[in-house]
Asker: 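My questions all concern the structure below.
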Amino acid sequence: MRVCLVLSLWFAKWTFTVCNPGPIEDVVIDRYYVPKQCVRAVKTDDFVRYHYNGTFVDGKPFDSSHDRGVAFFVQVGRGRQIAGVDKGIMGMCINEKRRIVVPPHLAYGSQGAGDVIKPDTTLVFDVVLLDVWNRADRTLTHSVSRPANCGRSVQKSDFVRFHFNGTLLDGTPFDSSYERQQTQDSLVGEGWLIAGLEEGLQGMCVGERRSLTVPPFNGYGEKGYGGGVPPHATLLFDVVLEDLHNANDDVVVETLEIPKPCARHSVSGDFIRYHYNGTFLNGHTFDSSYRRNQTYDTYIGLGYVIVGMDKGLQGVCAGERRRITMPPHLAYGEHGAGKDIPGSAVLVFDVHVVDFHNPTDSVDIQVTRKVECNETSAVDDFVQYHYNCSLLDGTRLFSSNDYSDPQDVTLGADKVIDGLDEGLRGMCVGERRTVLIPPHLGHGEKGAGDVPGSAVLVFELELVSLHKGLPPGYLFVWLDNGPADLFQELDMNHDEEVPLEEFSEFIRLQVAEGRGRLKPGVESAVVIADMFKNQDRNQDGRITADELKLKVQEDAERALHEEL
């Protein structure tokens with residue numbers, strides 16, 4: 001058929017230019033470019049837009065829509081254009097190119113058209129079809145891809161963010177959100193968008209891709225829009241939904257994992273440490289504490305974080321994992337935050353709570369192995385203990401098993417963190433405890449070494465030995481009444497003076513026989529040397545009877561002196 005039409009056209013040209021035997025009976029059509037796909041062909045009552053070049057059979061031009069820069073728009077089959085062109089464009093596809101040879105009786109006949117087209121003139125039109133639509137058309141919606149899980153789809157009054165590429169029916173692009181590097185943000189169903197987009201967006205899921213075909217009366221109509229959308233243009237939109245929310249939305253909390261048992265739930269005023277991954281509804285990550293290898297630490301319920309996070313972290317357990325989805329009015333609002341969070345973005349936080357505490361918290365002691373005893377540890381006692389230290393999430397920090405001997409400390413001497421000192425008090429030898437220490441009784445907001453700032457610490461303790469301490473200021477105490485004449489007992493060789501060697505031998509004997517006790521936690525030789533130095537008042541290396549005074553006597557004399 002194509003070959004026959006071409007030959008007919010060639011013959012028509014030849015007869016007019018050479019022999020001119022008589023008029024052409026009907027239009028002659030050469031479809032010299034036909035698209036591979038033709039979704040729709042022109043039929044009666046359709047509205048069409050096309051460009052054309054009009055020439056006489058000798059090739060001389062008489063008219064061109066290209067020269068005017070405005071495509072020709074007309075309804076087909078209603079006598080609103082010359083009959084030959086009306087017939088010639090029937091069945092055309094978008095972007096198809098035809099050459100239509102129109103005989104005079106289907107053009108301007110015996111009257112012609114002004115001074116341009118003489119009577120009984122055959123006309124040739126080179127036509128390219130740009131658009132076709134009908135008043136019966138509706139917005140056509142085709143879902144190209146849709147997520148498997150769609151918990152929520154767009155409804156009227158929702159606010160959406162979407163990307164799109166917009167083209168005319170012939171493929172000419174007129175707008176793209178990608179080129180602007182910014183989503184199109186709008187309410188749906190409130191007249192903010194053209195009717196075709198309002199309709200086509202409804203029912204979409206986040207991540208869904210749709211193709212929309214919008215007829216002109218659901219688009220920009222007879223006026224068009226700007227320089228990109230001509231009047232009476234059908235519009236094609238390739239749309240991807242990035243986000244949606246409603247002004248009535250609240251924070252949505254989904255519990256992913258919760259430890260059992262959960263001894264305590266967070267409340268307003270608690271200080272919490274947590275890791276998070278922050279994503280948009282489409283799954284794209286905008287921030288992560290894991291990338292920084294550092295928890296996010298903050299008070300909750302006091303306005304230190306965005307409202308959605310403040311609400312979403314209420315009632316958590318240490319170790320819990322939650323997904324917190326918050327609408328923009330409870331996050332960063334219509335302005336967004338920096339370059340990473342656009343305006344009106346719904347945020348999704350996958351949160352892992354490491355620990356939390358309250359500034360009013362005290363040390364929490366749980367006895368895991370109870371032992372009956374006559375003496376328990378107290379301030380000034382020297383104790384030895386085993387321990388394992390970890391974070392509340394189970395991360396091991398330190399252990400006495402890393403050393404050859406148990407750890408030791410004199411309680412109340414400010415040698416360990418306050419919470420551990422307190423946790424070691426009141427224990428029997430052999431007793432085991434689990435002690436939770438809030439950071440203000442631990443290593444504080446700055447941490448120490450491997451201990452992160454503001455960390456709650458967990459100590460598993462076992463008391464190995466206990467040496468009762470002495471009152472403040474004492475290096476030695478008698479466990480009974482002591483000798484009636486202490487100097488005579490000290491002066492073992494009865495030479496009226498006591499050197500360090502004799503003093504040391506005597507004190508060690510008292511300790512060995514259970515009559516006295518040295519200050520624990522310090523080498524006995526050091527303690528004895530300090531005791532001797534205190535009594536050797538003239539520092540001659542000898543203690544005499546008039547130099548020797550018990551601490552009780554010294555305290556009484558000092559008190560008397562202060563009174564005087």
Side-chain angles (χ1 to χ4, degrees), residues 147 149-163 182-188 190 201 204-208 240-258 265-292 294-356:
N149 298 319
C150 179
R152 175 176 180 179
S153 59
V154 178
Q155 307 293 326
K156 287 184 178 181
S157 79
D158 282 343
F159 191 93
V160 297
R161 297 192 307 115
F162 61 94
H163 270 302
Q182 184 177 355
T183 56
Q184 184 74 30
D185 306 342
S186 179
L187 278 172
V188 175
E190 301 293 331
L201 288 167
M204 284 191 77
C205 303
V206 172
E208 182 177 352
V240 177
L241 186 65
E242 300 289 340
D243 199 344
L244 81 151
H245 74 276
N246 195 282
N248 296 321
D249 287 347
D250 200 352
V251 170
V252 176
V253 175
E254 178 184 358
T255 301
L256 305 179
E257 180 183 334
I258 188 167
H265 297 269
S266 65
V267 297
S268 291
D270 283 343
F271 190 89
I272 190 167
R273 299 193 310 122
Y274 61 94
H275 271 301
Y276 69 88
N277 284 319
T279 63
F280 301 117
L281 277 182
N282 59 12
H284 295 166
T285 300
F286 62 83
D287 193 15
S288 174
S289 64
Y290 295 99
R291 292 178 180 173
R292 297 189 296 273
Q294 183 177 354
T295 58
Y296 192 87
D297 308 338
T298 185
Y299 287 97
I300 60 171
L302 302 179
Y304 285 85
V305 289
I306 53 178
V307 176
M309 188 62 79
D310 243 357
K311 297 181 69 173
L313 288 172
Q314 299 285 331
V316 296
C317 299
E320 182 175 345
R321 297 179 186 270
R322 279 187 176 185
R323 176 166 293 162
I324 304 171
T325 303
M326 59 190 71
H329 52 272
L330 297 178
Y332 293 101
E334 61 183 12
H335 297 296
K339 63 178 183 178
D340 296 320
I341 300 178
S344 302
V346 176
L347 305 182
V348 180
F349 289 90
D350 285 312
V351 172
H352 177 209
V353 178
V354 176
D355 66 26
F356 63 89

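If you're wondering where the values come from, they're calculated on a predicted model, not measured in any experiment. Counting begins at 1 with the first residue of the sequence.
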Asker: Restricting to non-hydrogen atoms, name the atom on G269 and the atom on Y299 that form the minimum distance, rounded to 0.1 Å.
Answerer: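 Minimum heavy-atom separation between G269 and Y299: O-CD2, 3.6 Å.
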Asker: What's the spacing between S268 OG and L313 CG if we round to 0.5 Å?
Answerer: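 One finds 10.5 Å between OG of S268 and CG of L313.
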Asker: List the atom of C205, the atom of P147, and the distance in Å for their closest heavy-atom pair.
Answerer: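 Heavy-atom minimum between the residues: CB-CD, 4.3 Å.
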Asker: Check each of Y274, F286, F280 against F349 using the ring pair (Phe, Tyr, Trp, His ring centres under 6.0 Å) test, and report the only one that passes.
Answerer: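 The residue from Y274, F286, F280 that satisfies ring pair (Phe, Tyr, Trp, His ring centres under 6.0 Å) with F349 turns out to be F286.
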Asker: To the closest 0.5 Å, what do you measure between CD1 (I324) and NZ (K311)?
Answerer: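 The CD1 atom of I324 sits 11.5 Å away from the NZ atom of K311.
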Asker: Rounded to the nearest 0.5 Å, what's the gap from CG on L256 to CD on E320? Could you check?
Answerer: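 Separation between the atoms: 8.5 Å.
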Asker: May I ask you to decide if the ring planes of H275 and Y290 are parallel, tilted or perpendicular, using 30° and 60° as cut-offs?
Answerer: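 Taking Y290 first and then H275, their aromatic rings lie parallel (interplane angle under 30°).
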Asker: Please identify each residue that fulfils ring pair (Phe, Tyr, Trp, His ring centres under 6.0 Å) with H245, with sequence neighbours left out.
Answerer: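 Only F159 meet the ring pair (Phe, Tyr, Trp, His ring centres under 6.0 Å) criterion with H245.
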Asker: Taking the side chain as C-beta and beyond, is there a heavy-atom pair between R152 and D249 under 4.5 Å?
Answerer: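 Side chain of R152 against side chain of D249, heavy atoms only: contact under 4.5 Å found.
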Asker: Identify which one of V346, V252, I306 satisfies the side-chain contact (heavy atoms from CB on, under 4.5 Å) criterion when paired with M326.
Answerer: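 When V346, V252, I306 are each tested with M326, the side-chain contact (heavy atoms from CB on, under 4.5 Å) holds only for I306.
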Asker: Within a strict 4.5 Å, meaning less than it, do heavy atoms of the N282 and D243 side chains meet?
Answerer: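 With C-beta onward as the side chain, the pair stays apart.
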Asker: Heavy atoms only: give me the nearest F356-C317 pair and the separation to one decimal.
Answerer: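 Looks like CE2-C, 3.9 Å.
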Asker: So, applying side-chain hydrogen bond (donor to acceptor under 3.5 Å, both in side chains) with R323, which one of D350, T255, N277 is it?
Answerer: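 Exactly one pass, corresponding to D350.
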Asker: Mind checking the CG-CD1 spacing from D270 to I300? Nearest 0.5 Å is all I need.
Answerer: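 One gets 5.5 Å once the value is rounded to the nearest 0.5 Å.
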Asker: Sequence neighbours left out, what passes ring pair (Phe, Tyr, Trp, His ring centres under 6.0 Å) with H163? Give chain and number order.
Answerer: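 Expected list: Y178.
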Asker: Take S289 and T295 through the test side-chain contact (heavy atoms from CB on, under 4.5 Å) and record every step on the way to the result.
Answerer: CA-CA 6 Å; S289 64; T295 58; 6.0 Å; no
Asker: Would a distance-only check, ignoring hydrogens and angles, find a side-chain to backbone donor-acceptor pair under 3.5 Å from D310 to G301?
Answerer: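 Pair found, side chain donor or acceptor close to backbone of G301.
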Asker: Would you compute the distance between atom NE2 of H329 and atom CD of E334 and round it to the nearest 0.5 angstrom?
Answerer: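 Between H329 NE2 and E334 CD, I get 12.5 Å after rounding to 0.5 Å.
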Asker: Is M204 close to V160 at the side-chain level, that is, under 4.5 Å between some pair of heavy atoms?
Answerer: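 Answer no - side chains too far apart.
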Asker: Counting only N and O atoms by type, is there a donor-acceptor contact under 3.5 Å from the side chain of S266 to the main-chain atoms of G315?
Answerer: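 It does hold such a pair.
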Asker: Can S157 and N246 be said to form a side-chain contact (heavy atoms from CB on, under 4.5 Å), step by step?
Answerer: CA-CA 7 Å; S157 79; N246 195 282; 3.1 Å; yes
Asker: Hey, could you give me the CG/CG distance between D158 and L201, rounded to the nearest 0.5 Å?
Answerer: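 Output value for this atom pair is 10.5 Å.
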Asker: Heavy atoms only: give me the nearest A331-L347 pair and the separation to one decimal.
Answerer: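 Distance-wise, the nearest heavy atoms are CB-CD1, 3.7 Å.
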Asker: I need the minimum non-hydrogen distance between R161 and L241, along with the two atoms involved.
Answerer: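 Result for this residue pair: O-CD1, 3.7 Å.
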Asker: Applying side-chain contact (heavy atoms from CB on, under 4.5 Å) to T298 and I272, what does each step give before you reach the verdict?
Answerer: CA-CA 6 Å; T298 185; I272 190 167; 4.1 Å; yes
Asker: Any idea which heavy atoms bring G308 and V251 closest together, and the distance?
Answerer: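 Looking at all heavy atoms of both residues, the shortest contact is CA-CG2, 3.5 Å.
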Asker: Determine whether H265 and V267 satisfy the following criterion, side-chain contact (heavy atoms from CB on, under 4.5 Å), listing intermediate values before the conclusion.
Answerer: CA-CA 7 Å; H265 297 269; V267 297; 5.8 Å; no
